[in-house]
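The residues of the chain are indexed from 1 along the displayed sequence. Both ligands and their constituent atoms are indexed starting at 1 by order of listing. Basis for what follows: all heavy atoms, side chains included, without hydrogens, waters or symmetry-related copies.
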Amino acid sequence: MNQIAEPDAVEPKPAEAPLPPGLYIVATPIGNLGDLSPRAASVLARAEVIAVEDSRVTAKLLHRIGAKRPMTPYHDHNADKVRPGLIARMASQPVALVSDAGTPLISDPGYKLVRDARAAGIAVTTIPGPCAAVAALTLAGLPTDRFFFLGFLPSKEKAREEAITEVATVRATLILYESGPRLGATLKALAEGLGQRDGAVVREISKTFEEAVTASLADLAARYAEAGPKGEIVVIVGPPGPRPAATEEDADKLLRAALEHLPVGRAASEVAKETGINRRDLYTRAMAIKEGD
Ligand code: SAM
């Protein structure tokens, strides 16, 4: 009988085996504590120290897994000061990094810690797990093949509008973090800045009142105009509709610009990709432009 090869399994290490020194990025639940992975629990229980945003939040998690580990604060206000000491520790001890919820570094502190650890030749290991952005994407029922994560938009009206204008032509689903009190204003700005698009307001993922409300951006803006809902929120915006067909004039403009830095064939290919116009036609046109029309 043919043996079917088992996929490479990572042997679970006995709980008491010490962790090698280095930095461990540990994702934690975004609501349901049952989402803490066994590997995350095992790393947290064996870390020499855990860099945390808020020790009260992480203490609850440690209590749940029956572990007591030293914690040290690592957040936006002290990160620059404490980073060098943490990096020095990682050379000889396992140091874990967690945020209050979800994946560290994603709209949370940590990237500079990873950058500096790498520069110092420290081993960096990630323990993947919950992330609100990806979890919301799986609930929204909007295209997932290309997505663009915006984190939190600026709170000031003008800066928020500018940030929205900047991404208006991005051909991808957009993901934003938001809070209840700002939701109405953000949805209104998105509807005004992006026009007719589908969207979703995804709330309280993995908690008792998890919900995903899907509608057009305009309808969502109207629904949440008065009072924002309670809890934690991710806003998903579907990609823009198909581009309007490019005119000959558009194609000429693009070809002239491309010909400034590309040979004829490459210019025709680039513009064909951008406009959907037949490459051979564009090549003929590009030759004519090159020869002075
Ligand atoms: N690092 C985290 C992650 O991996 O998702 C995100 C941290 S960011 C400071 C917190 C924001 O994530 C919240 O304001 C909310 O927009 C979103 N968020 C976190 N937990 C959520 C949940 N259970 N449901 C919906 N959104 C959540």
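Of the charged side-chain nitrogens involved, at least one lies within less than 4.0 Å of a carboxylate oxygen, so that E270 and K273 count as a salt-bridged pair. A salt bridge does not link E260 with R256: every distance from a Lys NZ or Arg NE/NH1/NH2 to an Asp or Glu carboxylate oxygen is 4.0 Å or more. A salt bridge between K188 and E192 is present, with a side-chain N of the basic residue lying under 4.0 Å from a carboxylate O of the acidic one.
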Inset, instruction - Would you check, one step at a time, whether the test side-chain hydrogen bond (donor to acceptor under 3.5 Å, both in side chains) holds for D250 with T247? - result: CA-CA 5 Å; D250 296 331; T247 61; 3.0 Å; yes

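Pocket lining of ligand 1, defined as residues with a non-hydrogen atom under 4.0 Å away: I30, A101, G102, T103, I106, S107, D108, C131, A132, F152, Y177, E178, E204, I205, K207, E232, I233, V234.
Taking OH from Y24 and CZ from R39, the interatomic distance works out to 9.0 Å, rounded to the nearest 0.5 Å.
R197 contributes a side-chain N or O that, together with a main-chain N or O of G238, makes up a donor-acceptor pair within less than 3.5 Å.
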